[in-house]
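Contents: one structure, followed by commentary.
Counting starts at 1 for both ligands and their atoms, in listed order. A quick note: this is a predicted structure, and the numbers were derived from the prediction, not measured.
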Amino acid sequence: MRRKICLLLSLLLCLLLFGCAKEPAPEAKQPSVVVGFSQLGAESSWRIANTESMEKASKEAGFGLMMENANQKQEKQIDAIRSFIAYQVDVIVFSPIVENGWDNVLNEAKKAGIPVILMDRMIETPDESLYASYVGADFYAEGKKAGEYLIRKADALGVDHLNIAEICGTKDSTPMRDRKAGFMDAIAGDSRFTVIASVDGDFLRSKGEECALDLLNRFGKDGIDVIYSHNDSMTLGVLDILEQKGIQPGKDILLITVDGEKEAVDALKNGKINCVVQCTPKLGPAAMALVKSLTSGQKVSKVTHPEEGVFTDFDDLTDPSVEGF
Ligand code: GZL
């Protein structure tokens with residue numbers, strides 16, 4: 001009897017040990033392609049929407065995404081690129097916060113055989129082989145659209161002269177350099193316009209407020225007719241200050257801005273902003289299409305610009321196509 005019980009117990013033990021052994025979990029499917037993405041920060045709604053676009057597009061493409069946020073520090077972007085090289089990602093995508101200072105680290109990526117895609121911002125380099133492609137706005141065209149709007153507005157108002165204050169984005173960044181250049185070239189030679197100041201707002205709403213206070217202290221509300229601001233975040237900061245001072249934005253002082261975020265387009269619809277030049281943050285799909293081409297050994301174009309428009313107070317703002325991101 002004792003033998004039978006022992007036999008039964010051993011049988012039970014075997015069942016417990018081996019019967020419960022599940023099939024080994026299938027290896028979690030590793031992505032076929034891994035992208036190292038160095039994002040420059042989270043300074044504006046535009047930047048946050050851009051990050052979301054990259055995350056969504058990489059997921060839809062089935063690519064792994066290693067993202068590092070540099071919080072507006074170039075050295076952190078350089079460190080992130082070095083970590084992507086060490087990890088041997090398939091492609092590096094990055095938005096250079098400023099145009100200069102990238103050649104060394106991009107040469108390291110080149111030596112490692114990792115292609116680099118510039119997204120949203122350009123670099124200044126004598127060696128164009130350091131990057132495979134640029135996908136992002138034509139900032140010069142955006143600045144020109146802003147200037148061309150102002151000419152049209154001055155014609156419509158029949159004014160003899162307008163004092164313009166410019167609030168600039170991050171110093172030495174591509175959007176700052178080219179939005180300035182496009183705007184100034186558009187209004188150049190028109191004697192109705194005087195640019196009385198160009199101040200640094202670093203694309204931040206808080207600095208937009210500071211710039212507005214500084215400009216009002218220097219020139220008074222009657223000394224400024226137009227504020228041209230390189231992005232909506234700074235413009236919305238300006239708008240808050242003008243209203244606090246009892247100044248009617250869009251009427252006492254014309255506001256021209258770039259990006260096209262919802263809050264700015266809504267302010268345009270409410271007559272508080274006069275012109276919103278579009279700059280789409282939704283670059284993720286185009287960036288991932290470039291990744292796919294590069295990892296399939298296909299040639300890619302050196303520059304890809306998205307379609308972008310402009311909304312102004314001359315438009316039918318009830319049209320559903322007039323909307324922000
Ligand atoms: C433009 C982008 C700029 C946005 C700002 O493509 O680089 O940076 O205009 C953002 O809102 O901070």
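The closest approach between any non-hydrogen atom of R179 and ligand 1 is below 4.0 Å. Taking 4.0 Å as the cut-off, V258 does not count as a neighbour of ligand 1 on heavy-atom distance. Using a 4.0 Å cutoff on heavy atoms, A137 does not count as a contact of ligand 1. Remark: distances from the non-hydrogen atoms of G136 to ligand 1 are all 4.0 Å or more.
Atoms of ligand 1 lying under 4.0 Å from any heavy atom of E43, numbered from 1 in the order shown and given with element: 8 (O), 10 (C), 12 (O). With ligand atoms numbered from 1 in the order given, ligand 1 contributes 2 (C), 3 (C), 7 (O), 8 (O), 10 (C) to contacts under 4.0 Å with heavy atoms of R47. Which parts of ligand 1 touch D120 is read off a 4.0 Å heavy-atom cut-off, strictly below it: atoms 1 (C), 2 (C), 6 (O), 7 (O). For ligand 1, the atoms sitting less than 4.0 Å from at least one non-hydrogen atom of P175 are 7 (O), numbered in the order shown with element in parentheses. Close approach to N231 involves these atoms of ligand 1, each under 4.0 Å from a residue heavy atom: 5 (C), 9 (O), 11 (O). Those atoms of ligand 1 that come under 4.0 Å of a heavy atom in D259, given as number and element, are 4 (C), 5 (C), 9 (O), 11 (O). Close approach of ligand 1 to C279 (heavy-atom distance below 4.0 Å) involves ligand atoms 1 (C), 6 (O).
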Starting from the C-alpha separation in whole Å, work towards a yes-or-no answer on ring pair (Phe, Tyr, Trp, His ring centres under 6.0 Å) for F203 and W46. CA-CA 10 Å; F203 286 133; W46 189 99; 8.9 Å; no
Just do the side chain to side chain donor-acceptor pair (under 3.5 Å) check on D319 and S321 with the steps written out, would you? CA-CA 5 Å; D319 185 315; S321 66; 2.8 Å; yes
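Residue-to-ligand polar distances place S44 within reach of ligand 1: an N/O pair is separated by less than 3.5 Å. Between W46 and ligand 1, not a single N/O pair is under 3.5 Å apart.
The minimum heavy-atom distance linking S133 with V300 is given by the pair CB-CG2, 4.1 Å. Across all their heavy atoms, V310 and D315 have their closest contact at O-OD2, 3.8 Å.
Within the cation-pi definition used here (under 6.0 Å to the ring centroid, within 45° of the axis), K180 does not qualify as a partner of Y228.
Here CG of D313 is found 8.5 Å from CZ of R152. Values are rounded to the nearest 0.5 Å.
In terms of modelled atom types and a separation under 3.5 Å, the side chain of R121 and the main chain of I97 share a donor-acceptor contact.
When the side chains of ILVMFWY residues are joined at heavy-atom separations under 4.5 Å, either directly or via intervening members, V195 and V258 end up in a single hydrophobic cluster.
When only non-hydrogen protein atoms are considered, atom 8 (O) of ligand 1 lies nearest to R121 NH2, 2.7 Å.
We find that R177 and D172 are joined by a salt bridge, their nearest charged nitrogen and carboxylate oxygen being less than 4.0 Å apart.
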